[in-house]
There are 2 protein chains.
Amino acid sequence: MRTPDDLTALFRANQLKVTPQRLAVFEALHGDDTHPTAEVVHARVRERMPTVSLRTVYQALNDLVDLGEVRAVSVDNGAVRFDPNNSGHDHFVCRDCGRVSDVTASRPRLVAATGGEVLDEGYTVDTSEIIFRGRCAACNA
Amino acid sequence: MRTPDDLTALFRANQLKVTPQRLAVFEALHGDDTHPTAEVVHARVRERMPTVSLRTVYQALNDLVDLGEVRAVSVDNGAVRFDPNNSGHDHFVCRDCGRVSDVTASRPRLVAATGGEVLDEGYTVDTSEIIFRGRCAACNA
DNA sequence: ACACAATCAACAAGCTTTGTTGACTACCTC
DNA sequence: GAGGTAGTCAACAAAGCTTGTTGATTGTGT
Ligand SMILES: [Mn+2]
Ligand SMILES: [Mn+2]
Ligand SMILES: [Zn+2]
Ligand SMILES: [Zn+2]
């Protein structure tokens, strides 16, 4: 995700108005590597702007996702987590505390379809996400 | 997932009764590689037993997951999909039709934590799941 | 200054999954 | 075979997350 200033320009270029609420979401997410849910972002924003609604936070987050600035990460089937780090990286999820950490992994190679049919040229692979699961250092101690 | 016969023995060994409803879920899932949701399994079961409730299907599926016979696959944040194939494999999700296909991929190696802190010995990695996204052959044609 | 996008509050509703309750059924064990 | 108990059913309710709505108000961009 770019800086709040750059996002301001980007939003305007896409006919999206830059409101104080949206700016607060930009700032709440900027440099964050904890993969917060919308609720968490909402709480963070409300510390400075107590009247912002959860609905508005969802809208700003969805705009950021639509613009490709933020990744929506589904790590379980609870709430979606939002990730302002859009450089290629993967995730480690702790079974105990649920914390999601950024990790770097070797790119997997898709070898073949398993179901009998061979993976033919017709397939197009755009992206690959890896989720490692286990126990983090804090929970292992 | 084992055969319905083996599952019968397994369920009994775990003090779980083998009812016709559970047997129908076993059979609906046996050899299936389409990663159906609970709703889909329910519909399939009701073709033969019209009175089975969705609640009962969820219970049977959760029992199978708890026993490690079925994998619960979260590929987006819609409904969970159930996978009777518990041999190590990964998944390809078509952006267009949503179909989930089994694939084989090279095991990724976790290289390092990204956040600055080095991935130390304290971490324990149990499993890794890979999701490839793109377009399947049918949707590319 | 103006048009119109965005926000707010306050709910409602969709979707998936689980909980509940009371009556009834049938599986497993002895 | 009989009995204890787990399972099932119907029929809802409810939790949790996300999106929709509505009407009034604010404020952004040009
Ligand atoms: Mn991340
Ligand atoms: Mn599979
Ligand atoms: Zn942990
Ligand atoms: Zn497709």
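Every chain is numbered from 1, with letters handed out A, B, ... down the list of sequences.
- Interface residues of residues 56-63 of chain B facing DNA chain D, ordered by number: T56(B), Q59(B); criterion, heavy-atom separation under 4.0 Å.
- When the shell of 6.0 Å around CZ of R71(A) is examined, it contains more than 12 heavy atoms from other residues, nucleotides or ligands.
- Checking the phosphate oxygens (OP1, OP2) of dG27(D), no side-chain nitrogen or oxygen of T19(A) falls inside 4.0 Å.
- Taking the side chain of S53(B) as heavy atoms from C-beta on, and the options dC8(C), dG4(D), dC9(D), the nearest nucleotide is dC9(D).
- V65(A) is connected to L23(A) through a chain of hydrophobic side-chain contacts under 4.5 Å among Ile, Leu, Val, Met, Phe, Trp and Tyr, so both are in one cluster.
- In this structure, F26(B) atom CZ and dG7(D) atom C1' are separated by 13 Å, rounded to whole Å.
- With respect to F82(A), the side chain to side chain contact (heavy atoms under 4.5 Å, CB included) criterion is satisfied by exactly one of L64(A), T37(A), V70(A), V73(A): V70(A).
- Closest of all the heavy-atom pairs between V93(A) and G98(A) is CG1-O, 4.3 Å.
- Considering R12(A), E69(A), E27(A), R22(A) in turn, E69(A) is the only one that fulfils the side chain to side chain contact (heavy atoms under 4.5 Å, CB included) rule with L7(A).
- Between L54(B) atom CG and dC12(D) atom C1' the separation is 14 Å, expressed in whole Å.
- Among the heavy atoms of the strands, none lies under 4.0 Å from T37(A).
- Between the side chain of H30(B) and the backbone N or O of M1(B) there is no donor-acceptor pair closer than 3.5 Å.
- Between F132(A) and Y123(B), the distance separating the two ring centers is not shorter than 6.0 angstrom.
- Residue-level contact check: R12(B) touches the backbone only, with heavy atoms under 4.0 Å from sugar-phosphate atoms and none from bases.
- Rounding to whole angstrom units, CZ of residue R81(B) and P of dT16(C) are separated by 11 Å.
- Side-chain contact check for H35(A) and N85(A): no donor-acceptor pair (N or O, by modelled atom type) lies under 3.5 Å.
- For Q21(B), the listed nucleotide lying nearest its side chain is dT8(D); candidates were dT7(C), dA5(C), dT8(D).
- Near DNA chain D, defined here as any heavy-atom distance below 4.0 Å, there are no residues from residues 38-49 of chain B.
- Of the candidates dT17(C), dG27(D), dC8(C), the closest approach to any side-chain atom of K17(A) belongs to dG27(D).
- Residue R22(B) contributes atom CZ, which lies 19 Å from atom P of dT25(C) at whole-angstrom precision.
- Atoms CD (Q15(A)) and C1' (dA5(C)) sit 12 Å apart, rounded to a whole Å.
- The minimum heavy-atom distance between R107(A) and S106(B), with the atom names listed, is O-OG, 4.5 Å.
- Rounding to whole angstrom units, CG of residue N14(B) and P of dT29(C) are separated by 12 Å.
- Atom pair N77(A):CG and dG16(D):P shows a separation of 14 Å (rounding to whole Å applied).
- Among the nucleotides dA5(C), dC28(C), dT18(C), the one closest to the side chain of R55(B) is dT18(C).
- There is a side-chain donor-acceptor pair under 3.5 Å between D32(A) and T34(A).
- The interatomic distance linking F11(B) (CZ) with dT8(D) (C1') rounds to 15 Å, in whole Å.
- Nearest-nucleotide positions on DNA chain D place T51(B) closer to the 5' end than the other of T8(A) and T51(B).
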